[in-house]
Amino acid sequence: MDVEAVLQKILPRIRPTDEERAFVEGLMRELETIAEETIESLGLDVKPYFVGSLAKDTYLAGDHDVDLFLAFPLDTPLEELREKGLELGKTIAERLDSYEIAYAEHPYVRARYRGVKVDLVPCYDVESWRDVKTAVDRSILHNRWVFENLRGRNDEVRLLKRFLKGINAYGSEIYIRGFSGYLAEILTIRYGSFLGVLENADFMLRQKIIDPGNWLKREHEVAMKTVRREAEADRPLIVIDPVDPRRNVAANLGWERYGVFYFRAAQFLEGPSEGFFFPRGQKSGSYLAELRRKGTHLVTLVFQAPGLVEDILLPQLERSARGFEKALTREGFKVLGWNVGHEGSKAFIMLEVDRRERERMMIKPGPEFFTERGRDFYRKNDRVWIIGKRLFAEKVVREGVVEVILELLEKNQVAMGKSVRENIRDAGIMLDYVPKELENEAYLFLSREKWNLKG
Ligand SMILES: Nc1ccn([C@@H]2O[C@H](COP(=O)(O)OP(=O)(O)OP(=O)(O)O)[C@@H](O)[C@H]2O)c(=O)n1
Ligand SMILES: [Mg+2]
C-alpha cells in the first residue's frame, strides 16, 4: 500500500467525529459556566482557561481529557494560590460527578464528569515567560502558540501522536521518556507534516537544536544557557520552548525512545502500513522454549505492589532490578538482562542469568587426625592436609541462585528502591517458572520481543 492510502485509512480512526466534537464542545461550555459561576460565588478574581490537546484541537478520537486551568492574578502570593486554587477546584468539582485530590508540584483536583476526566489546575495568569512561577503556568502560552502556528495541520499532529503511541514512544512521563503532545505539535509545525517529521528523524538529531521561537536571536544569553545545560545533559534533542527560552521541550525525551522512533520512521517510509499506528496484539510464544533455546535461566520475584502511581513505582522497580544485577554479578552470576512491571496488585522483577547454581571452593576444617572421625574424614575427602593436629580439606559447594538471593536479601546487600524494599523482602522467588499471568511477559522478555526494533 502506498503512504497516502495508509494515511487515509488511519485518519478516520483518529479524527474525532462530528458527534464527538459536539459532545466535547458541549462539555466545555457546561464546565466553563460552572467554573464562572463558582468563581463568582466565591468572589474570586480568576480566569478559567481550557488548555491541553482538547483546547488545541489536537486530541485523538476517544481520548478527550479536559484540562481546565484556573488562572490567578500574578500578584497572588503562592500560598494563597495553592489554598484558594484547591478550594475553588473542590467547589467546582462538587457540581461534577466525583473527584479526588491529585498531587503534582501543587495539589489539584481531578474530577470526572459525564465519563470524562477533568483536571482543575490552579496557575498564574501569565503573559510572558518572565511571569512564569509554577511548572504549569506555561500551558496557557503553549496553547496560544500552537493555535497561532498550527494553521490547520491538526490532523498531521494526530497522525504523529498515533504513530508515536503505536511504536510506544509517546508520553513524557519519566517512566516512558518519550515524546510529549506539545513536542509532537512543535515538530509538526517545524517540518510541515507528519511525513515531514518522519523524513527528518535523522536530520533533526544531527541538527540537535530546534528553535522555533527564534530565541537564539531574541534572547541570546538565556537561550545559550539552556543549550549549554541541555547539551551537558546529553539530550537527543534541544527544542527551545517557543514560549520560554529557559526550557527544553524535549528535556524528558530519552535516547531509547528516540532510537525507537528513528528506526520505526525509516521502516515506515520504506514500507508503510497501518500496523505502525495500531499494532496487532503482541507476539506470544513459550518462555520455556526460549530458556531451552538460550540455555539461560530465569529468576522471577513476585510481590505485592505498593499503592504508588506508575511514575514512582516503575523507576523504583528499575532501580531494584539494577541492584539485583549488581549484587548477583558480584556473586559470580552473569546477568544477561532484567525486566520489571506490574500486573494487577502484583509487581515483579525478572532476571535472566547464565546459570542456576554457582560452584564455590571452600576450605573445610575437619577433626583431629588421630581420632575415628579423623580417619573417616581422611577417607572421604580427596585433598587433605594437616595444620597443627587438625585435618583440613577442599570442598566444592554448590549454591542455587535463589539461595544466593535469599542470603543477599538477608544480609541487606541489594540496593533497592526504598518504597518497594519491604515488599521485595517478602517476595516469592521462582526459578525457571512463572505464574500463568506472567507467562507471556516472560516470553516477551526472554525473546527480547518486548524491545525488538525489527519486530
Ligand atoms: N512534558 C510536558 C507535559 C505537558 N506539558 C503541558 O501540559 C499540557 C497538557 O499536557 P498533556 O495532557 O500531557 O498533553 P496534551 O497536549 O494535552 O496531549 P494529549 O493529547 O496526549 O493529552 C500540554 O499542552 C503542555 O502545555 C508540557 O509542556 N510538557
Ligand atoms: Mg491532555
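Whatever order the structure lists them in is the order used to number ligands and atoms, beginning at 1.
- Surrounding NZ of Lys9 are at most 12 heavy atoms belonging to other residues, nucleotides or ligands under 6.0 Å away.
- At the top of the distance list for atom 29 (N) of ligand 1, counting protein heavy atoms only, stands Arg247 NH2, 2.9 Å.
- Relative orientation of the Tyr258 and Tyr262 rings is tilted, given thresholds of 30° and 60° on the angle between their planes.
- Below 3.5 Å of separation, one finds an N or O of His142 facing an N or O of ligand 1.
- Not a single N or O atom of Asn143, backbone or side chain, sits closer than 3.5 Å to an N or O atom of ligand 1.
- Polar contact check, Tyr170 against ligand 1: a nitrogen or oxygen pair lies under 3.5 Å apart.
- Between atom 19 (P) of ligand 1 and the options Ser53, Ala184, Gly181, Ser172, the minimum heavy-atom separation is to Ser53.
- When hydrogens are left out, the protein atom nearest atom 23 (C) of ligand 1 is Lys56 NZ, 4.0 Å; that is the closest non-hydrogen contact.
- Salt-bridge annotation for Arg229 and Glu232: absent, with no side-chain N of the basic residue lying under 4.0 Å from a carboxylate O of the acidic one.
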Report the C-alpha separation of Phe278 and Phe163 in whole Å, then their side-chain angles, then the decisive distance to 0.1 Å, and conclude whether the ring-ring contact (aromatic ring centres under 6.0 Å, His included) test is met. CA-CA 8 Å; Phe278 294 102; Phe163 181 83; over 10 Å; no
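- Among Ser180, Gly171, Gly178, Ser139, the residue whose heavy atom sits closest to atom 6 (C) of ligand 1 is Ser139.
- Arg110 meets the side-chain contact (heavy atoms from CB on, under 4.5 Å) test with Glu100, Ala102, Tyr108, Lys117, Asp119; sequence neighbours excluded.
- Closest to atom 10 (O) of ligand 1, if we only count protein heavy atoms, is Asp67 OD2, 4.9 Å.
- In terms of the side-chain contact (heavy atoms from CB on, under 4.5 Å) criterion, residue partners of Ser284 (sequence neighbours excluded) are, by chain and number, Asn440.
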